Amino acid sequence: MPKELGKTYQPQEVEAAIYAMWTEGGYFAPKKGDKPAYTIVIPPPNVTGQLHLGHAFDNALQDALIRYKRMDGYEALWMPGTDHAGIATQIVVEAELRKTEGKSRFDLGREAFIKRVWEWKEKYGNRIVEQLKKLGSSCDWNRLRFTMDEGLSRAVREVFVSLYDKGLIYRGNRITNICVSCQTALSEAEVDYEEQEGKLYHVSYPLSDGTGFLTVATTRPETMLGDAAVAVHPNDRRFAGLIGRTVLLPLMNREIPVIADEYVDKEFGTGCVKITPCHDPNDYDVAKRHNLPELLIMNQNGVINANGGKYAGLTREQARKAVLADLEKDGLLIKTEPHPHNVGTCARCHQNVEPMASEQWFVSMKELAAPAIAAVKEGRTKFVPERFEKLYLHWIENVRDWCVSRQIWWGHRIPVWTCSACGNVFAMREDPESCPHCYSIDLVQDPDVLDTWFSSALWPFSTLGFPDDTEDLRRFYPTDVLVTAYDIIYLWVARMIFSGIEHTGKEPFHTVYMHGLLRDANGKKMSKSAGNGVDPLEMIDQYGTDALRIYLTSLANLQGGDMNFAPDRCEHFRNFCNKLWNASRFVLSNLGDTGGWTLPESLSLPDMWIVTKLQGLVYDVTAHLDKYELNLAIQKLIDFIWDDFCDWTIELSKNQLRHDDTKEATQQILAYVLETSLRLLHPFAPFITEEIYQSFPDGLRGSPSLMIAQWPEPEDRLRFNHEAGQMELLMDAVRAVRTRRSEMKVPPSKKAAWTVETQHQELFESHAWVFKSLAGASDVTFGAAAEGAVQIVTSGATIALPLAELVDLEAEKARLAKELASAQKEYDVLSAKLQNPGFTEKAPERIVLAERERLAALKERIERLSP
RNA sequence: GGACAAUUAGCUCAGUUGGUAGAGCAUCCGCUUGACGUGCGGAGGGUCAGCGGUUCAAGUCCGUUAUUGUCCACCA
């Protein structure tokens, strides 16, 4: 029996039960069908994460795709999981530790701290998963993975050791970006550059022989403590005589040479550059070329070390102040000028990073990048929209070696050991018990952990069982499409591509569907500090999940551009859900004895029209989904359901349901169109469509859940183009009369007899009920208009309404004359176009044909309008 | 410095191979029409940033200018 549906849709009352029903039914698990596997891996949210709008958007798109493919017979797997998010998680747990116990991670020690993080993860790590479920995400939750699971950790080991053995991972001392707040190295992709209002300090370095000064310009004066030289351009005449001599480094009283190097830009600053090998990447290179000594003056925590002389123990900020003050005192600070420049900041904590020399592990990129470039250039991996390919290629073609070691504790420990006995350094898949070289058991493991993205890069195959050759891996890998925002192309997407190729021999997905970022209603970036963030869960409470999802889906655009989210615009989509709800109530309360949602044997003209429209919709929605044009798909669905189905089909059905001879067929057509529409809408609005579907009587449900109902296919036999065109004539007449009546302020309750002059008399006569139902016709007769009637010229007919008492005859004449003039003008333009051989010969036939028809229609209209 | 994108109705934005410019919101006018006022019917409002080009035909393709935004590189 059909469930009783309330007058308005109340999403809060049904969503949880629907989700539970899906879960209990086991519908999220992939089912073998007549089509192959279709796989999407979720971009794993951080375990520390709270659901934000970006997740909601990304997941709405993925869920729509996976639900569509599942209904379409594919063995659809949406692989879920979470990321351990090394630094981010460690920061969160450290903060909590400091707050609740006033302790640092060092107070606890490494093992105890890691235990704490695991406890935290067990307690809070599933919060984001529960939130994803609220969105209706149809992930196969039984497969939930975590990047630090045993299996995934094994994948990390395998990949590390395999790269190490191939010589593609090495340890090296070089300038790396260090976050002194997180106290770890970062990869270049984790550094954000931002323009800061800095200062350029001009500092005098006296020549050792006391004959003068050289003035250098610097933005980081504290680094002068580590200076190894002053460099000038070899062709710079100003300093030609000074090359090879020495200056006395102020404050440190060290003699350093003046060298010549082409790196120096003569035009910039003073033309003299201080060379600080350990604290600037360019200086490092210069130092290598000139064999300069390397002097590190700062620790990873940003505190000046013993090499900094009397400044040792000061933080970098304190050191800068002290150095400047001392220079000032010595009269060596010549000038300070404002100098806006780009400064690298830590992507996690937004503190300025400190470039400094340190020992780190690197992945050698050149060899790995080559096939990843080819994969995209040769089309095995495609980006949608295509323009993102350029970004990807530009990055990977210029990629530098990847710094993968992090000086934190939460993450995959680098599987490299050093033998204290023989000094052997080796990487192993299993923790070793003794040195493979000298069998000593005195082994020390590298203290660092791997970059979080090292494990994320393996996600498409590590989640499916790699490194084991599992059935899942064979069936679901390579995956199909990766859906994510463009801001992690380098951090994640590119690394998955080269990792997938290197370790599995296959590109991890054939399509990368990229989208933009959500901004607030004014186009501003959403952020906690600005307080303009929108909580999707609040949106769900207020408007329902489906309304939020439809709105988000409609925001996607074909350029992958950023989108502005205005919370109150959810209302429109909430209204749409309610509209669908009520349309369904109407259809369900008028089912009668309809035994199924098959079409009636004979179709009326309006039936043929809506069925034809529906075929077009099936075709369009499917095509848009296949092309990742989800915004267009949802727009067409809304237009069809609201405008075509509700405003025309349902309105007309009210008349047809009153007559015994048309009642049953009408019931059937309503059920048929509604049921098909629900299936098409389901990927976008899973809850409401399922709730309505479950309210259908048993005979009308082909499947226990709409989730696993079959995706509709367009049927050519149900395209009635001619009849649909006839219907449009009737609709034009309805609209034309409505407009005129409205202009003349005739209340809808006032009916009027129509006198129609038309070549389509049979059509208009047999469908007089349409005009009576929708356009206030009391009677429809045929013939010439009576004197003083209001004449309405529409496509195919002139309709006369006897509303003489409401009409100013002169105004009426003027209006008709104006319409005639405008029609005539349009006719002239069109006829000139059709007389142009350039057009008739070169334009496609269908266009010419359509224009000829338009011309004929205009001609007829002009005749009708002519007095 | 380089690259990419955007510029369409008062506002926010769609616009899928070039083929008569669309939506929502806002505004205005009507409506106790038996699914829905979270609704129904109707109206006004646009030289699609400027200029030039290709084409029978340009919001759509090409060039150029302007403005805005993003990314990359990098200036001690």
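Throughout, a chain's letter reflects where its sequence line sits, starting with A, and its residues are numbered from 1. Since this is a predicted model, take the numbers as computed values, not measurements.
By the side-chain hydrogen bond (donor to acceptor under 3.5 Å, both in side chains) test, A:Gln196 pairs with A:Glu194, A:Asn352, sequence neighbours left out. For A:Asp487, there are no salt bridge (Lys or Arg N to Asp or Glu O under 4.0 Å) partners at least two apart in sequence or on another chain. Partners of A:Pro11 according to the side chain to side chain contact (heavy atoms under 4.5 Å, CB included) rule, which considers only residues two or more places apart in sequence or in another chain, are A:Tyr9, A:Glu15. Under the side-chain hydrogen bond (donor to acceptor under 3.5 Å, both in side chains) criterion, A:Asp639 pairs with A:Gln635, sequence neighbours left out. Applying the side chain to side chain contact (heavy atoms under 4.5 Å, CB included) criterion to A:Asp401, with sequence neighbours excluded, gives A:Tyr170, A:Arg174, A:Phe362, A:Ser364, A:Met365. Shown here are the salt bridge (Lys or Arg N to Asp or Glu O under 4.0 Å) partners of A:Glu354, two or more places apart in sequence or in another chain: A:Arg220, A:Arg316. A:Arg387 is linked by a salt bridge (Lys or Arg N to Asp or Glu O under 4.0 Å) to nothing, counting only residues two or more places apart in sequence or in another chain.
The two residues A:Leu548 and A:Cys570 have their closest heavy-atom pair at CD1-SG, 4.2 Å. Closest of all the heavy-atom pairs between A:Leu292 and A:Ala229 is CD1-CB, 3.6 Å.
Remark on RNA chain B: of its neighbouring residues A:Asn836 and A:Phe576, the 5'-side contact belongs to A:Phe576, judged by nearest-heavy-atom nucleotide.
Annotation: A:Phe268 is in aromatic contact with A:His339 [ring centroid separation under 6.0 Å]. A ring-centre distance under 6.0 Å is found for A:Phe565 and A:Tyr551.
Taken residue by residue, residues 848-861 of chain A places heavy atoms nearer than 4.0 Å to RNA chain B at A:Arg854.
Listed candidates were B:U38, B:G37, B:C72. Nearest to the side chain of A:Tyr490 is B:C72. In the set B:A35, B:C74, B:G41, the nucleotide with an atom closest to the side chain of A:Asp647 is B:G41. In this structure, of B:G42, B:A5, B:A73, it is B:A5 that holds the atom nearest to the side chain of A:Arg387.
Within the 4.0 angstrom heavy-atom criterion, base atoms lie near A:Arg658. Contacts of A:Cys577 with the nucleic acid, taken as non-hydrogen atoms under 4.0 Å apart, are absent. As judged by a 4.0 angstrom heavy-atom cut-off over every strand, A:Arg574 is placed among the base-contacting residues. Here A:Val264 lies in heavy-atom contact (under 4.0 Å) with a base.
Note on A:Lys382 versus A:Glu389: no salt bridge recorded, every NZ/NE/NH1/NH2 to OD/OE distance being 4.0 Å or above.
Using atom P as the reference point in both B:C74 and B:A5, the two lie 23 Å apart (nearest Å). Spacing between B:G41 and B:U47 at atom P, rounded to whole Å, works out to 28 Å. Spacing of C1' atoms, B:C62 relative to B:A21, comes out at 22 Å, to the nearest Å. With both ends at atom C1', the span from B:G2 to B:U17 equals 32 Å, rounded to whole Å.
Phosphate proximity of B:A23 to A:His572: absent, as no side-chain N or O sits under 4.0 Å from OP1 or OP2. Between A:Trp642 and the phosphate of B:C40, there is a side-chain N or O to OP1/OP2 separation shorter than 4.0 Å.
Per the geometry, CD belonging to A:Glu194 stands 15 Å off P belonging to B:A73, to the nearest Å. We find that OH of A:Tyr9 is positioned 19 Å from C1' of B:G39, with the value rounded to whole Å.
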Write down the protein N/O and nucleotide N/O pairs, taken from nucleotides 27-33 of chain B, whose separation is under 3.5 Å; answer none if there are no such pairs.
residue: B:C29; atom: O2'; partner: A:Lys745; partner atom: NZ; Å: 3.0

TODO: Any chance you could encode RNA chain B as dot-bracket? Rule is Watson-Crick or G-U wobble with both distances under 3.5 Å; [ ] for pairs crossing earlier ones, | for another strand.
DONE: (((((((..((((.....[..)))).(((((.......))))).....(((((..]....))))))))))))....

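Screening residues 263-279 of chain A for salt bridge (Lys or Arg N to Asp or Glu O under 4.0 Å), with sequence neighbours left out, gives A:Asp227-A:Lys274.
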TODO: Any chance you could list the contact pattern along nucleotides 10-19 of chain B? Use B for base contacts, S for sugar-phosphate-only contacts and - for none, protein heavy atoms under 4.0 Å, 5' to 3'.
DONE: --SSSSB--B

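For B:C36, the base has no donor-acceptor partner in the side chain of A:Asn578 [N/O atoms by modelled type, under 3.5 angstrom]. A donor N or O paired with an acceptor N or O is found under 3.5 Å between the base of B:C36 and the side-chain atoms of A:Lys579.
Between the side chains of A:Gln656 and A:Ser653, no donor-acceptor pair of N or O atoms lies under 3.5 Å.
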